[in-house]
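These numbers come from the heavy atoms of this one structure, side chains and all, not from hydrogens, waters or symmetry mates.
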Amino acid sequence: MSVPSGVAAVFRELAVWVLIAGATGAAFYKFSTAADVFMANSRVEDVRIADQSADDGTVAIAVETDDGGLREAHLRAAENGHFFAEVYVNGRAIEVLVDTGATHVALRYEDAVRLGIEPKDSDYTLTARTANGTTRAAPVVIDEIRIGDITVHDVEATIGEPGTKFITLLGMTFLSKLSRVDIRGRELVLVQ
């Protein structure tokens, strides 16, 4: 008895998806077990509220541990599931959206001007693809970005054109300089 080719194709595709789901589950289990082991071996010495954003309840907490001086910032998700925080760029406070999908720290033009960085038209040498389409961006290097007790120096960033971004994105050029970035339910943990 032969199986029709359409049915066989469905079963092959189903088998592939089962394998993908199994591999994803195994990887998640291994990752979460490693995180649990790390947390079990860390003793918190001092907890302080470092920054508190506006009215959405988002809080960044700096935690210092006694196992090698790690510094952490904990961000609680806003109601829409995104992680917002107040960060200090070269000593000045701005609101950001922490975005692991953003390649760079992407400064809103208006935030850059508040920080004293005002690009000229000729500085817009990059093309950026965003969810809203293609736009130009000006590359810059930020001396210092601080969130809670975490401080990162010499961070590559871009500045968007006026009116093109609704918020500055804290992307991978900042996050990749950290020891670890974890999502634990509705909490984002940055570790330096």
Side-chain angles (χ1 to χ4, degrees), residues 27-28 31 35 50-54 56-63 70-192:
F28 178 77
F31 174 76
D51 301 305
Q52 184 160 347
S53 298
D56 68 0
T58 304
V59 175
I61 301 174
V63 178
L70 292 177
R71 291 175 298 281
E72 297 183 5
H74 294 234
L75 303 175
R76 213 175 26 225
E79 286 185 21
N80 63 8
H82 293 292
F83 296 98
F84 297 93
E86 182 178 65
V87 301
Y88 291 85
V89 177
N90 297 336
R92 293 186 180 167
I94 61 170
E95 292 292 318
V96 301
L97 168 65
V98 180
D99 186 354
T100 58
T103 305
H104 291 91
V105 170
L107 289 168
R108 218 170 55 107
Y109 175 83
E110 295 76 7
D111 286 340
V113 170
R114 282 185 45 233
L115 296 169
I117 310 167
E118 192 162 357
K120 300 178 294 231
D121 190 60
S122 61
D123 293 331
Y124 287 91
T125 59
L126 302 176
T127 301
R129 288 185 186 89
T130 70
N132 296 325
T134 303
T135 185
R136 297 183 314 150
V140 295
V141 176
I142 297 171
D143 294 332
E144 178 183 284
I145 298 177
R146 181 172 58 84
I147 179 169
D149 284 348
I150 292 175
T151 302
V152 173
H153 296 279
D154 301 322
V155 180
E156 291 181 15
T158 59
I159 301 171
E161 293 181 287
T164 58
K165 294 186 184 318
F166 76 96
I167 193 165
T168 290
L169 303 177
L170 192 65
M172 291 306 295
T173 51
F174 173 85
L175 298 172
S176 66
K177 292 188 175 216
L178 302 178
S179 299
R180 197 172 73 240
V181 176
D182 293 332
I183 296 178
R184 302 175 189 161
R186 294 186 54 82
E187 183 179 53
L188 177 69
V189 182
L190 309 177
V191 182
Q192 184 180 42

Sidechain-backbone polar pair: Asn90 side chain, Glu144 backbone, donor-acceptor under 3.5 Å: yes

Any side-chain heavy-atom pair of Phe83 and Thr100 under 4.5 Å: no

Nearest atoms (heavy-atom pairs only) where Ala106 meets Lys165: CB-CE, 3.6 Å

Side-chain donor/acceptor of Glu110 to backbone N/O of Gly163, under 3.5 Å: yes

From CA spacing to verdict: side-chain contact (heavy atoms from CB on, under 4.5 Å), Phe174, Ile150: CA-CA 11 Å; Phe174 173 85; Ile150 292 175; 4.2 Å; yes

CA sep, side-chain torsions, deciding dist, call: Leu175, Val98, side-chain contact (heavy atoms from CB on, under 4.5 Å): CA-CA 9 Å; Leu175 298 172; Val98 180; 4.2 Å; yes

Sub-4.5 Å side-chain heavy-atom contact between Leu115 and Leu107: yes

Leu178 vs Val191 side-chain heavy atoms within contact, under 4.5 Å: no

Asp182 side-chain N/O to Arg184 backbone N/O, donor-acceptor pair under 3.5 Å: no

Minimum side-chain heavy-atom gap Ile167-Phe84 below 4.5 Å: yes

Exercise: identify the closest heavy-atom pair between Arg186 and Glu79: NH2-CA, 3.9 Å

Any side-chain heavy-atom pair of Glu86 and Glu95 under 4.5 Å: yes

Residue pair Val96 / Ile145, side-chain heavy-atom distance below 4.5 Å: no

For Arg136, the option from Asp121, Thr127, Thr164, Thr158 that meets side chain to side chain donor-acceptor pair (under 3.5 Å): Asp121

Pairwise side-chain contact, Thr103 with Met172, heavy-atom cut-off 4.5 Å (strictly under): no

Side chain proximity check, Lys177 to Asp154, heavy atoms < 4.5 angstrom: yes

Under 3.5 Å: donor-acceptor pair, side chain of Arg114, backbone of Ala93: yes

Gln192 side chain vs Thr151 backbone, donor-acceptor pair below 3.5 Å: yes

Closest heavy-atom pair and its distance - Pro119, Tyr124: CG-OH, 3.3 Å

Full working for side-chain contact (heavy atoms from CB on, under 4.5 Å) between Leu75 and Ile147: CA-CA 10 Å; Leu75 303 175; Ile147 179 169; 4.1 Å; yes

CG-CZ distance between Leu70 and Arg180, expressed to the nearest 0.5 angstrom: 7.5 Å

Rounded distance (nearest 0.5 Å) linking atom CZ of Arg92 with atom CZ of Arg146: 14.0 Å

Val105: which of Ile142, Ile159, Val140 passes side-chain contact (heavy atoms from CB on, under 4.5 Å): Ile142

